[in-house]
Number of protein chains: 2
Amino acid sequence: MADSPESPDQLILAALDLFGRHGFDGASTRAIARAAGRPMSAITYHFGGKEELYVAVAGYISRRIGAQMAEAIETAEAAREEDSPAKARAQIRRIFSTLVTMFVQKESAAWARFIVREQMEPTRAFDALYNGPMGPMLQHITQMLCRAASHRIGPDEARLRVIAMFGQALVFRVSRAVVLRSNGWDEIGPAETEHIRRVVLAQVDAILDSLAAKDEA
Amino acid sequence: MADSPESPDQLILAALDLFGRHGFDGASTRAIARAAGRPMSAITYHFGGKEELYVAVAGYISRRIGAQMAEAIETAEAAREEDSPAKARAQIRRIFSTLVTMFVQKESAAWARFIVREQMEPTRAFDALYNGPMGPMLQHITQMLCRAASHRIGPDEARLRVIAMFGQALVFRVSRAVVLRSNGWDEIGPAETEHIRRVVLAQVDAILDSLAAKDEA
DNA sequence: GTCTATAGTCGGATAGAC
DNA sequence: GTCTATCCGACTATAGAC
């Protein structure tokens, strides 16, 4: 017992995987407990019930992604006052490169599925995800896009543009089955990941170019 | 009874809605039957069981989307041999405009959710969706992108680019909760739909421009 | 063909031993 | 604190009346 990870954490990791794969109803507490090597009653004891476990998973994801995104945000914060389109553009590219990595890599599959489910049919857990990593990041990229476009576009238009650009990375998680089948891939390995990253960044560049050109007019 | 729609169709429509919202496990046959105004045993009688009903829903969606996309595909087929970048570009814009409409409108919510779920964790029903409307449409747009780029890019790169562009429209369905909250919208009405369409098409244009420019170099 | 009644299974929650 | 044993409700599927 002394060398085993804490019981609640084991349960959260197992729950993250199974909720993501099968949804709230599809993942039984019995299956989650078995995957964590614990009796089902441990869920009741540590969290109170299935629903509370679900919310706890959302909180866990928020903290994890928040940490993973912190550096990208922080370095950007340092240059916040500096209103340089070129720097803003570099930041945007860097964030999208990170996003592609996160969405494509296998380890992200579990929590990516969890988040996508939660967005389609939001429950109480959505607040934790939105107020945690998603809302601030979206707002941050939106600000940078305004700067990259030399404030030629306002925040309302920039926000929609960022969401659309975000979709270019997200689709490789959500529509992964189509990506694999249409390309005849068995899995998305390092080579395929780089191919995807190159395409997404090229199109982000194209969009940023068009906004810069607009500015010169 | 004489004026009521056919019983199987009612069940499929109810199942489409509930499977989309709650997933396969979350939607009970009882709830589906009640929504259709039928006894649960009608599902057994007409389809054999819950799983078969699920597959039937996938088939229904395939046929519906196939019909909805048929005109866009057909007009494009007519100009198939004509290798004009300008025409290909117009076709691509038209298809993406249609996609935005489909993804944003409320009526599409049910089957869009169904498809997204099926892509994240494919079951037998995925084949019907991929071989029906999705695969052919993807291949079609890919061909047109090659033409729009004057064959400057090959089909492999074009396919990834089309998927990424597709994501720009898809995200407004998948991340609808974030779109609403970040913009402070209550719903996505006609004005908001047009705003989204304008942004997506502008970014599609930017991407197409960059490929055309590449060609001139 | 359509519905009612019922059987059999599995899920989440809880009581209580240790 | 942790696990075992058990309860109760909800689910799918089926049998059989009409």
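Hydrogens, waters and symmetry mates play no part in the numbers below; they use all other heavy atoms, side chains included. Chain A is the first sequence line, chain B the second, and so forth, proteins listed ahead of strands; every chain is numbered from 1.
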First locate atom CE of B/Met165, then atom CG of B/Leu145, and finally report the distance between them rounded to the nearest 0.5 Å.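 Rounded to the nearest 0.5 Å, the CE-CG separation comes to 4.5 Å.
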Nearest whole angstrom, please: distance from the [atom2] of [N] to the [atom1] of [X].
X: B/Met40; N: C/dT4; atom1: CE; atom2: P; result: 11 Å
X: B/Leu11; N: C/dG1; atom1: CG; atom2: C1'; result: 13 Å
X: B/Arg38; N: C/dT2; atom1: CZ; atom2: P; result: 6 Å

Identify, with sequence neighbours excluded, every residue that meets salt bridge (Lys or Arg N to Asp or Glu O under 4.0 Å) alongside A/Arg181.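 Here the qualifying residues are B/Asp127.
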Using the test salt bridge (Lys or Arg N to Asp or Glu O under 4.0 Å), find all partners of A/Arg117 that sit at least two apart in sequence or belong to another chain. none
A/Phe103 pairs by ring-ring contact (aromatic ring centres under 6.0 Å, His included) with which of A/Phe96, A/Phe172, A/Phe166? A/Phe166
Could you identify which residues of residues 41-52 of chain B place a heavy atom less than 4.0 Å from some atom of DNA chain D, listed by residue number, or say none?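 By residue number: B/Ser41, B/Thr44, B/Gly49, B/Lys50.
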Taking only N/O atoms, report every protein-nucleotides 16-18 of chain C pair under 3.5 Å with atom names and distance.
none

Positions of residues 22-36 of chain A (non-hydrogen atom under 4.0 Å from DNA chain C), listed by number: A/Ala27, A/Ser28, A/Thr29, A/Arg30
Angle class for the B/Tyr54/B/Phe24 ring planes (parallel below 30°, perpendicular above 60°, tilted otherwise)?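 It falls in the perpendicular class, over 60°.
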So B/His195 and B/Trp185, would you call those rings parallel, tilted or perpendicular, with 30° and 60° as cut-offs? tilted
Can you pull the side chain to side chain donor-acceptor pair (under 3.5 Å) pairs that have at least one residue in residues 26-37 of chain A, sequence neighbours excluded? none
Taking every heavy atom of A/Ser175 against every heavy atom of B/Leu170, the minimum-distance pair comes out as OG-CD2, 3.7 Å
Any donor-acceptor N/O pair, B/Glu157 side chain to B/Gly154 backbone, under 3.5 Å: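 The answer is no, because no donor-acceptor pair under 3.5 Å joins these two groups.
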Just wondering, are more than 12 heavy atoms of other shown residues or ligands nearer than 6.0 Å to CD in B/Gln105? yes
